[in-house]
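Here is the structure we will look at.
Letters A, B, ... are given to chains in the order of the sequence lines, protein chains preceding strands, and every chain is numbered from 1.
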Amino acid sequence: MIFLRALLTRLLTMAITLFGVAVVVFFLIRVVPGNPIAMMLPPGATEEDIARLQALYGFDKSLLQQFLIWSGDVLRGDFGTSISLRQPVSELVLGRLPATLELSLFALLIAIALGGLMAFLGTLYRHSAAEAAVDVTTGTALSVPDFLWALVLILLFGVLWPVFSISGRVSPSQAFEFTTDFYIIEAFLRLRFDVVAHLLSRSFMPALALAIPLAAIIAQLLKQSLKETMHLDYVTLARTKGYSETWVILREALPNAVLPTLTLIGVQFTFLIGGTVIIERLFSYEGLGNMAIDAVINRDLPLIQGIVILFAALFTVINLVVDMLYVVLNPKLRHA
Amino acid sequence: MTQFLDIRNLTLRLRGGPIILWSVSLRVTSGMVHGLVGESGAGKSMIGKAVLGTLPRAIEVMGGEVWLDGVDLLALPPRDRRRRIGETAALIPQDPLTALNPSKRVGPQITRRLIDILGWSKSEADQRARTLLDEVRIPDIPRVMRSYPHELSGGMRQRVLIASAFAAEPKLIVADEPTTALDVTVQKQILRLISEMRIRHGTALLFVTHDLGVVSKVCNSLSVLYAGRVVEEAQMPRFFMRPIHPYSRALLAATPTYLDPDGSLQPVPANVIEDVENENHHHALRAGYDV
């Protein structure tokens with residue numbers, strides 16, 4: 001009951017947040033210079049042509065009127081038509097979302113695997129040279145942003161030692177016919193593991209670039225929490241029961257030490273998705289981020305609005321999921 | 001009479017720092033209770049930790065042997081040592097509030113090790129846990145086994161920990177100040193419970209405490225520790241009637257008794273402390289340690 005009320009409160013907060021985002025985006029992109037209509041017409045178009053097009057897209061009305069019309073449409077599920085691509089925004093955006101989601105989730109998994117492994121090794125070999133090596137590695141990984149890692153990876157594995165693809169989501173020679181936009185998941189469900197392997201190798205470089213800084217933060221925070229937990233009495237008690245140190249770390253300490261890291265992953269994952277905008281561009285990956293940059297270049301106002309709102313919705317949902325996971329993992333919160 | 005636990009000349013030091021245990025020897029006979037008394041910092045807990053293989057990494061074993069059930073633990077590789085300890089010994093920890101894993105239900109905290117380490121079936125382990133929880137007089141056992149630690153009181157948690165310590169039928173249990181963190185009214189019940197369980201299961205007990213009153217109630221013999229050194233080892237009734245070492249006498253004089261509740265308590269005199277510290281110094285020089 002209390003849980004349900006908390007959930008409803010959260011959903012209401014989410015709605016208010018999304019409305020705020022909609023307001024900010026709508027007005028912000030309209031005060032930035034640049035006229036979408038001018039971009040559509042060839043040079044030498046008459047004033048009349050411009051005025052006609054502006055009336056067609058509703059740009060002749062006042063800002064407030066435009067906002068009311070647009071938000072009314074949005075509430076009915078209509079995000080308008082893209083100016084540059086001349087297709088419904090919702091169709092375009094939802095068509096690209098799966099690509100970005102798959103990339104982000106792949107990056108998140110890599111980050112958790114790498115970061116978790118580093119934290120585990122640092123804890124197992126604490127107070128030794130191995131722990132210092134972990135600290136140095138994570139420190140270095142953290143001090144370089146994801147787009148620079150992308151350039152490093154492109155240079156190393158795309159140019160000097162070309163083992164991974166650095167361009168595009170699917171190879172043009174791939175004959176597999178996809179019926180959905182979730183390529184990896186679809187290939188997996190249709191048991192075409194050769195296609196899964198192909199897709200994963202295509203997105204491995206961008207995913208790794210996104211994952212490296214997050215892996216470093218996870219490693220640092222998780223190792224710190226684990227080391228503190230290893231001093232606690234119940235961990236000592238587990239040692240006297242004959243469990244190996246690996247078991248003690250993973251089964252006794254980890255479930256209690258992981259909570260702060262989980263919150264951190266939630267926050268950082270939204271940053272990671274933000275990072276896809278540049279990373280997708282660098283790797284010519286056909287996702288939302290790449291589309292966002294094109295939309296901005298073309299001053300495609302309806303498309304920009306649609307993408308930003310979708311990103312905002314994604315972030316709030318991720319935060320909600322993290323909070324709920326927290327309750328599941330920490331029995332004390334269940335009664336609170 | 002077999003010496004179930006036999007510690008010989010155990011010397012510990014802080015890595016790169018001072019010596020904290022000076023060639024300590026003590027024996028616990030199977031089925032008996034041996035008390036380990038001393039003030040804070042005397043090193044009594046370190047002996048317990050050395051026996052159970054839970055010494056902090058900052059502490060280094062300089063020499064000595066710890067024989068547990070015929071095996072020198074210190075001569076074993078770490079993995080085997082831990083396994084051996086898990087099979088033959090157990091710990092009743094000091095603070096029941098922190099000694100149970102907060103994210104796990106109580107039942108599995110007793111049964112998991114029986115299943116994981118000793119290869120019991122789940123139903124055997126559950127049955128065993130229920131029997132033990134009944135022996136430590138826990139009411140409503142199915143509910144308690146499903147509870148998380150924060151849902152139980154301190155006294156209940158200590159009972160759970162006692163049951164858990166006896167779960168694998170260890171031959172030795174180290175009780176590290178098991179009543180210090182508890183309410184005075186609960187302390188007595190828990191002490192009685194430990195004695196009762198020990199007798200029923202025929203387990204030897206190494207009882208670490210700073211409370212001579214507790215020792216007089218539960219122990220068959222004791223070692224008095226001061227500044228990392230055993231200053232006196234004695235059988236039970238004799239110690240309280242005729243303590244030999246000056247520090248033991250001073251310690252007894254500093255303990256209130258029921259017989260003479262108004263009698264003045266004597267602080268441990270400074271010359272006694274100096275004597276022991278000088279002994280330590282001589283001992284270190286004889287052993288060739290760098291002090």
> Measuring heavy-atom distances to chain B, does A:Val258 have an atom under 4.5 Å in its side chain, in its backbone, in both, or in neither?
Replying inline: neither

> In terms of heavy-atom proximity below 4.5 Å to chain A, should B:Ile117 be classed as side chain, backbone, both, or neither?
Replying inline: side chain

> What residues of residues 162-175 of chain B sit under 4.5 Å from chain A when you count only heavy atoms?
Replying inline: B:Ser164

> With only heavy atoms counted, which part of B:Arg112 is less than 4.5 Å from chain A, the side chain, the backbone, both or neither?
Replying inline: both

> Any sub-3.5 Å donor-acceptor pair from B:Asn101's side-chain atoms to A:Glu252's backbone N or O?
Replying inline: yes

> Given that the side chain runs from C-beta out, which part of B:Leu118 has a heavy atom under 4.5 Å from chain A: side chain, backbone, both or neither?
Replying inline: neither

>> Ignoring hydrogens, what is the shortest heavy-atom contact between B:Pro102 and A:Asn256? Give both atom names and the distance.
In response: CG-OD1, 3.4 Å

> Between B:Arg82 and A:Arg239, what is the shortest heavy-atom contact and its length?
Replying inline: NH2-CD, 3.2 Å

> Can you find a pair of side-chain heavy atoms, one from B:Leu91 and one from A:Leu237, that are under 4.5 Å apart?
Replying inline: yes

> Roughly how far, to the nearest 0.5 Å, is the CG atom of B:Asp176 from the OG1 atom of A:Thr240?
Replying inline: 11.0 Å

> Measuring heavy-atom distances to chain A, does B:Thr98 have an atom under 4.5 Å in its side chain, in its backbone, in both, or in neither?
Replying inline: both

>> Under 4.5 Å from any heavy atom of chain A, what part of B:Ala89 do you find: side chain, backbone, both or neither?
In response: backbone

> Taking B:Leu52, B:Asp116, B:Thr54, B:Ile85 one by one, which has the highest count of heavy-atom pairs under 4.5 Å against chain A?
Replying inline: B:Asp116

>> Shorter than 4.5 Å, heavy atoms on both sides: which option in B:Ala58, B:Gly86, B:Pro56 has the most such pairs with chain A?
In response: B:Gly86

>> Tell me which pairs pass ring pair (Phe, Tyr, Trp, His ring centres under 6.0 Å) where either residue lies in residues 236-273 of chain A, with sequence neighbours left out.
In response: A:Tyr243-A:Trp247

>> At a 4.5 Å cut-off on heavy atoms, which part of B:Arg57 comes close to chain A: side chain, backbone, both, or neither?
In response: side chain

> When only pairs under 4.5 Å are counted, which of A:Arg126, A:Arg251, A:His231 shares the most heavy-atom pairs with chain B?
Replying inline: A:Arg126

